[in-house]
Amino acid sequence: MVRVIHFLRKKLKKQSPESYHWVLFKELEESLNLIEDIEQIGNNFLGKIKEIINVENLLLLLYDKDLGKFKINNFLGFNESEIKGVSFSLNDPIIKWLKVNKTYFYIREHPGVLNYLTEREKTLLKSLGVEVCCPLISMNRLIGMIFVGPKKNNKKFQRQDLSIISSLTPQTGIALENAVLYKEQRERFRRMLRADKLATIGELAAGAAHEIRNPLTAIKSSLQYLKVKVQEEKANKMLANALQETDRINEILSGMLSFSRHSETKREKTDLTGILKESLELIAYEARKQNINISCSFGPSPVYLKGDKAQLKQLFLNILLNGIQAMEDEDELRVEISPAGNNKVLISISDTGMGIPEENLDKIFDPFFTTKKGGTGLGLSICYGIVMAHKGEIEIKSNVNHGTNVFIKLPLIRNE
């Protein structure tokens with residue numbers, strides 16, 4: 001059946017290109033009505049453009065609310081290394097132009113638009129071989145853009161080619177927006193479930209920790225008394241080991257209490273940039289030892305919030321060390337601070353390490369869940385507790401073999 005459809009489409013393309021394009025439009029339209037997955041919509045959309053216009057390379061960039069940037073969602077004709085790190089911020093001239101004009105620009109015919117862009121943008125478009133840039137609009141908002149080109153044999157784009165791209169984008173924009181909203185709704189529901197679950201676990205952990213600590217103190221005192229009294233070497237060594245284990249239990253209990261203890265968070269004016277810089281200094285030796293590159297983008301400094309400096313440093317150290325431990329030689333750890341709207345700041349910590357399997361992503365904040373040999377599984381649980389105590393949000397996104405992104409939003413001091 002598939003061969004028959006392919007044969008008919010090929011025949012129709014030779015006999016009547018207009019009818020052939022109409023068939024492809026209908027195919028795209030029908031597929032958009034059935035698909036809820038953002039990746040699938042993007043791949044289908046780029047595939048149709050490539051088939052109709054016969055172009056070499058295509059990029060689809062969508063706005064990422066967590067990062068506050070337009071970043072690559074789908075691509076055709078590129079290697080991943082060629083497009084690594086390609087993104088645009090809301091303040092970039094290309095974004096401003098597309099927001100205002102809501103139409104495509106063809107670089108060969110619109111040199112004035114190119115002159116309006118920054119040198120970074122011009123260099124980027126040239127290195128990617130972009131010929132046409134077209135906005136994706138939904139509900140009168142710019143949600144993304146497509147970079148197209150060049151055509152095979154470096155042929156010039158015809159008016160019909162540009163018209164086809166423009167005709168395909170409106171419904172695709174709506175479909176992508178709906179898919180994003182659907183995904184956000186699922187994420188919101190998942191966060192609510194996780195928050196309820198962790199709140200319950202936190203209460204249980206706090207109660208259990210207090211109950212265990214009382215007999216543990218008595219056990220430790222008894223062991224210390226016996227160690228002084230016992231002279232036999234082997235027995236003395238066994239008592240020393242038992243004391244070490246009680247200390248380890250006590251550390252675990254402290255972790256459980258840190259996970260659930262919100263009331264002890266200090267509220268002092270704190271410079272977020274300074275805390276991050278101090279945290280990075282503490283992990284610098286470990287990063288150098290593993291030959292890991294660290295890059296930072298902090299923007300205007302300082303960034304003030306009300307919080308507990310010691311707890312925040314513990315939060316960032318845990319996240320940074322997790323990233324380093326997941327990476328190998330010449331991998332990269334990137335730390336960024338950017339505005340998040342609603343008087344909040346976004347801290348993004350990204351690594352290019354092994355990533356986290358999808359089935360583990362919902363469990364990573366659970367106390368005692370760990371995949372590390374010898375780990376207690378309390379590190380990220382404590383991080384979650386610290387973020388919640390600061391009335392913030394934390395989200396982790398990851399792809400196996402492609403790295404992990406940690407997004408932390410914290411409220412800023414108002415009117416600073």
Side-chain angles (χ1 to χ4, degrees), residues 8-33 35 40-63 70 72-78 88 93-117 121 125-126 128-179:
L8 291 172
R9 281 173 59 182
K10 199 171 180 181
K11 188 174 180 182
L12 185 61
K13 185 177 182 180
K14 287 181 179 178
Q15 292 178 349
S16 173
E18 292 78 12
S19 299
Y20 172 72
H21 291 158
W22 182 84
V23 168
L24 292 180
F25 282 137
K26 293 303 291 180
E27 284 180 2
L28 179 62
E29 185 179 27
E30 288 170 11
S31 69
L32 291 177
N33 292 331
I35 302 171
Q40 208 174 337
I41 291 171
N43 285 333
N44 206 3
F45 174 51
L46 295 188
K48 286 291 183 287
I49 292 178
K50 184 166 185 175
E51 190 173 357
I52 295 170
I53 302 176
N54 203 19
V55 291
E56 295 282 354
N57 305 320
L58 286 158
L59 285 174
L60 169 63
L61 295 92
L62 294 178
Y63 183 64
F70 290 82
I72 293 172
N73 197 77
N74 304 82
F75 59 91
L76 287 176
F78 290 97
F88 295 87
I94 191 169
I95 302 300
K96 291 179 179 178
W97 192 93
L98 292 171
K99 269 186 174 181
V100 171
N101 294 278
K102 294 183 173 61
T103 187
Y104 68 85
F105 68 86
Y106 179 24
I107 287 175
R108 293 192 193 187
E109 292 184 358
H110 299 89
V113 179
L114 200 61
N115 292 334
Y116 170 69
L117 307 183
E121 289 171 310
L125 293 178
K126 186 176 180 180
L128 295 170
V130 177
E131 293 276 337
V132 179
C133 181
C134 189
L136 277 169
I137 307 292
S138 179
M139 303 294 288
N140 209 34
R141 292 187 303 108
L142 181 70
I143 65 162
M145 54 188 172
I146 312 132
F147 289 163
V148 186
K151 291 187 74 171
K152 286 189 176 177
N153 301 320
N154 205 29
K155 290 182 180 178
K156 187 177 179 182
F157 279 82
Q158 301 301 311
R159 191 62 52 193
Q160 183 184 5
D161 298 327
L162 300 171
S163 177
I164 286 169
I165 296 170
S166 297
S167 301
L168 288 172
T169 53
Q171 192 165 350
T172 304
I174 293 168
L176 285 166
E177 176 81 337
N178 288 338

- Are any of the side-chain heavy atoms of I146 and Y104 separated by less than 4.5 Å? no
- V55 and L76: CA distance, side-chain angles, deciding distance, side chain to side chain contact (heavy atoms under 4.5 Å, CB included) verdict: CA-CA 10 Å; V55 291; L76 287 176; over 6 Å; no
- Query: Applying the ring pair (Phe, Tyr, Trp, His ring centres under 6.0 Å) test to F105, which of F147, Y116, W97 qualifies?
  - Reply: W97
- Quick one: are M145 and F88 in side-chain contact, heavy atoms under 4.5 Å? yes
- Is there a side-chain contact between I53 and V148, using heavy atoms and a 4.5 Å cut-off? no
- Query: In Å and rounded to the nearest 0.5 Å, what is the CD1 to CG distance from I41 to N73?
  - Reply: 10.0 Å
- Item | K50 NZ to L58 CG distance, which is reported to the nearest 0.5 Å | 7.0 Å
- NZ (K102) with more than 12 external heavy atoms under 6.0 Å: yes
- 4.5 Å side-chain heavy-atom contact, L128 and N57: no
- Task: Working to the nearest 0.5 Å, report the span between CG of L162 and CD1 of I165.
- Result: 5.5 Å
- Which atom pair, heavy atoms only, marks the closest approach of N74 to N43? ND2-OD1, 2.9 Å
- Message: Could you report the tightest heavy-atom contact between G42 and L60, atom names first, then the distance?
- Response: CA-CD2, 3.6 Å
- Task: Carefully, step by step, assess F70 and L142 under the rule side chain to side chain contact (heavy atoms under 4.5 Å, CB included).
- Result: CA-CA 10 Å; F70 290 82; L142 181 70; 3.9 Å; yes
- First locate atom CD1 of I164, then atom CD of Q158, and finally report the distance between them rounded to the nearest 0.5 Å. 11.0 Å
- Query: What are the two closest heavy atoms between E177 and I143, and how far apart are they?
  - Reply: OE1-CG2, 3.4 Å
- Query: Under 3.5 Å, is there a donor-acceptor pair between the side chain of E121 and the main chain of I94?
  - Reply: yes
- Task: State, with a plain yes or no, whether a side-chain heavy atom of N101 is found less than 4.5 Å away from one of V113.
- Result: no
- Name of the residue among K151, K156, K155 meeting side-chain hydrogen bond (donor to acceptor under 3.5 Å, both in side chains) with D161: K151
- Task: Measure up the Y106 and F157 rings against each other and bin them: parallel (under 30°), tilted (30 to 60°), perpendicular (over 60°).
- Result: perpendicular
- Can you see which heavy atom on P135 is nearest to which on L98, and at what distance? CD-CD2, 3.9 Å
- Any side-chain heavy-atom pair from P170 and I137 closer than 4.5 angstrom? no
- Message: With a 3.5 Å distance limit and no angle check, can you tell me whether S163 reaches the backbone of R159 through a side-chain donor-acceptor pair?
- Response: no
- Is L176 close to F45 at the side-chain level, that is, under 4.5 Å between some pair of heavy atoms? no
- Looking at SG of C133 and CG of L117, how far apart are the two atoms once the value is rounded to the nearest 0.5 Å? 8.5 Å
